[in-house]
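Heads up, the thing below is written out as structure tokens.
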Amino acid sequence: MLPAQSTPADDSQQFSAGAQVAVLLPLPVESAYDYKVPEGAVFAAGDIVEVPLGRRFEVGVVWGPGRHEVRPEKLREIVHKLDVPAVPGVSRRFIDWVAGYTLQSPGALLRIAINPARRWVPPQAATAIASSGLSLAAAGVKSTPAREKVMAAIGHETFTTSTALANKAGVGSGVIRQLIDAGALKLVPLPYASPFTPLDPKHARPRLEPAQAEAASELIAKVGAGFSVTVLDGVTGSGKTEVYYEAVAAALAAGKQVLILLPEIALTAQSLARFAGRFGGVPALWHSDLNYKARREAWAGVAMGDARVVIGARSALFLPFRDLGLIVVDEEHESAFKQEDGAIYHARDMAVVRAREGQIPIVLSSATPSLETVINVRKGRYGRVHMPTRYNAAAMPRISIIDMKANPPEKGAWGRAWLAPPLVNAVNRTLESGEQALLFLNRRGYAPLTLCRTCGHRLHCPRCTAWRVEHKLTRRLQCHHCGFAAPQPESCSSCGAKDSFVPCGPGIERVAEEAAARWPDANVRAVASDTLERPSAVQELIEDILEHRVDILVGTQVLAKGHHFPGLTLVGVVDADLGLSGWDLRAAERTHQLLHQVAGRAGRAEKPGKVMLQTHDPAHPVIQALATGESEAFMESEIMGREALAMPPFGRLTALILSGPDEVAVIAAGRTLAAAAPRGEGIEVLGPAPAFMALLRGIHRHRLLLKTDRGCPPQSLVREWLESVKIPSSVRVQIDVDPYSFY
Ligand code: ADP
Ligand code: ZN
């Protein structure tokens, strides 16, 4: 069942004893439940309260007047209000809006917003040790040299730890404990100390170049001037971050909070250090990997307002900001902003909605704005600030194409090769001049596919529609979808041949093997997300590169975002065609964005950079756009293609994904849905068909795709559609409005 829409009450609405109120619970339930306000209590809309639910208790939010679906005598009472800030009206309206648009239960979204409050324990009041004013004798303790030293050391001071006091007195900390117990020392409560240091908008202002200053002043003008969307479209290295920091500074100076959304992969120590360098203090951090303590601190800081800036991944959007004044979405084109586990929403699009609900400005920053964003600029819905040149007159890298058909790699003693002669020569020259090279390949492991030479049998995952990828480092073949891993079998399970498996195609480990063989004196390093799992690994790698302990990096897109390596002057894209094939609406656009980003790594300082694209399809529009730097023509043809097929944003897509352990039931449910599919002008239903990943972690998956004209909102259609059929509970139906992935 789909959630019923409700409208949250505004903050001023109060409910007194006996009133029937709707309390939304952070659970995937259809709507808010009614409760009664107990004798002597008054609640306001947005209050976070504890309520009975079945035989347990749950924490929820007062959403508005009761819906009166329950007879008054059956109503249960709210237990009490938690001692935490209320969820502001704008956050509640936002949750309801997103729930209505994405066809999810508002409770599932509320959970993101208030999860830290569900197990709320008030922060331990911090205490300090001070003298109680009593002498040792008055406190009734025997005088010893150690005790006298402590009494002499404490004077009128306070100490936050007994170790600090013990150190000053030159005694063991056991003595302190005895004196507290005896009453010669006492514990005094300290006022709440925010873990968030103040931020100074003027701390380290850069000297902006004229073009940057102009861009900054346009963004600053939006701060405090209501709702607006501005696209900050500047080439890599133009200083977009420095420029939007100026708008952040303006919002801070106006006493407002700021949210900076980054793709999870870009939330590195580097980006935090850069922020701290500019503003002289640390922001609150928000992402899926935070421990409970950090999560609670950040949540409380946001809700109370002492966390002035949040740098976070997608879900930070749902935090109950006390007074948000600006949102920045950095790398707005990143598909990582589309959340697909649990709640399904596009954080960039919903960030625009959040800005509108809060009547505040939002900045979308990118060197390669998404097609949707480009169209919104053209239609005049979004403003645009353009920065066409790099900071400090740095040159854009020269990009050239290597046609792999005309320049096949030469096989070496190590076996098959993946680097064509022109790229090999370029690496030679780079090493000779003491510079660094990046060989980019967006594929982890050694080889993407392993097959039996005798019978052609492919080693695939038993639980997914996917091949297993060889990893030499771990000596295992691994499924990149579910993590299943096992050593390579000795003989083929299909034909029994021994030692017959061969790797097909390259991953970064294999290219690194070739590089190490070709350039034995160079330091070669293969880098992917799985080699950077230790928290300090990224930091160490960056230092190794900056201090030139690495000559040749072989890496995936983990390195493509936002790092600056002055000695890195050559980028070789090992397989520029990767990602172009396969049916995906945005395959070409995404490849263009990624390769543009990778190319932007080359030569940012005094030395100009060089980028070489190895391709089998040199005439492909994406390759041409990269080589000529003319992305407008490419975007134009993409836009025309989408328009001709009425694909988003000209038409709208909604995916229904059916999944379950029983394939027969999944197929039957697909048929049931297809038979009841909405019909009419401007409505088309595709499928059901097995998903590209028809088997994922042992679950069978089929898909239907609803395609509607722009003027025909899919939400009500889908709502009625699903209400008209009965799907067994063993089959899960997920709705993905505006899908980005089609696997
Ligand atoms: P982009 O996000 O557009 O790629 P960045 O904001 O990361 O660009 O800037 C690229 C590099 O240039 C960074 O190292 C940044 O600190 C530096 N930079 C940009 N503008 C300035 C400036 N006005 N003063 C000093 N350094 C700058
Ligand atoms: Zn698998």
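First listed ligand is number 1; within each ligand, the first listed atom is number 1. When a residue number appears, it is its place in the shown sequence, counting from 1.
- A ring-centre distance under 6.0 Å is found for F318 and F94.
- For an aromatic pair to be called close, the ring centres must be under 6.0 Å apart, and F279 with Y245 satisfies this.
- Residue contacts with ligand 1 for N392 are absent, since no atom lies close enough (heavy atoms, distance under 4.0 Å).
- R378 has a carboxylate O that lies under 4.0 Å from a charged side-chain N of E636, or vice versa, which qualifies the two as a salt bridge.
- Checked against a 3.5 angstrom limit, the closest N/O atoms of G237 and ligand 1 fall inside it.
- Here is the list of ligand 1 atoms found below 4.0 Å of a heavy atom in L208: 23 (N).
- D544 pairs by the salt bridge (charged side-chain N to carboxylate O under 4.0 Å, His left out) definition with R525, R549, not counting sequence neighbours.
- Applying the side chain to side chain donor-acceptor pair (under 3.5 Å) criterion to D577, with sequence neighbours excluded, gives T615.
- Between D349 and Y101, the side chains place no donor N or O within less than 3.5 Å of an acceptor N or O (distance only, hydrogens not considered).
- Taking only non-hydrogen atoms, the option from Y245, Y391, Y244 nearest to atom 12 (O) of ligand 1 is Y391.
- Checking R274, K240, E209, E242 against atom 7 (O) of ligand 1, the nearest heavy atom belongs to R274.
- In the vicinity of T236, heavy-atom distances shorter than 4.0 Å reach the ligand 1 atoms 4 (O).
- For ligand 1, the polar-atom distance check against G239 finds a nitrogen or oxygen pair separated by under 3.5 Å.
- The contact set between ligand 1 and V235, taken as ligand atoms under 4.0 Å from a residue heavy atom, comprises 3 (O).
- Ion pairing between a basic and an acidic side chain is recognised when a charged N comes within 4.0 Å of a carboxylate O; R642 and E372 show such pairing.
- Heavy-atom distances between D330 and ligand 1 stay at or above 4.0 Å for every pair.
- Contacts of R207 with ligand 1, taken as heavy-atom pairs under 4.0 Å, involve the backbone alone.
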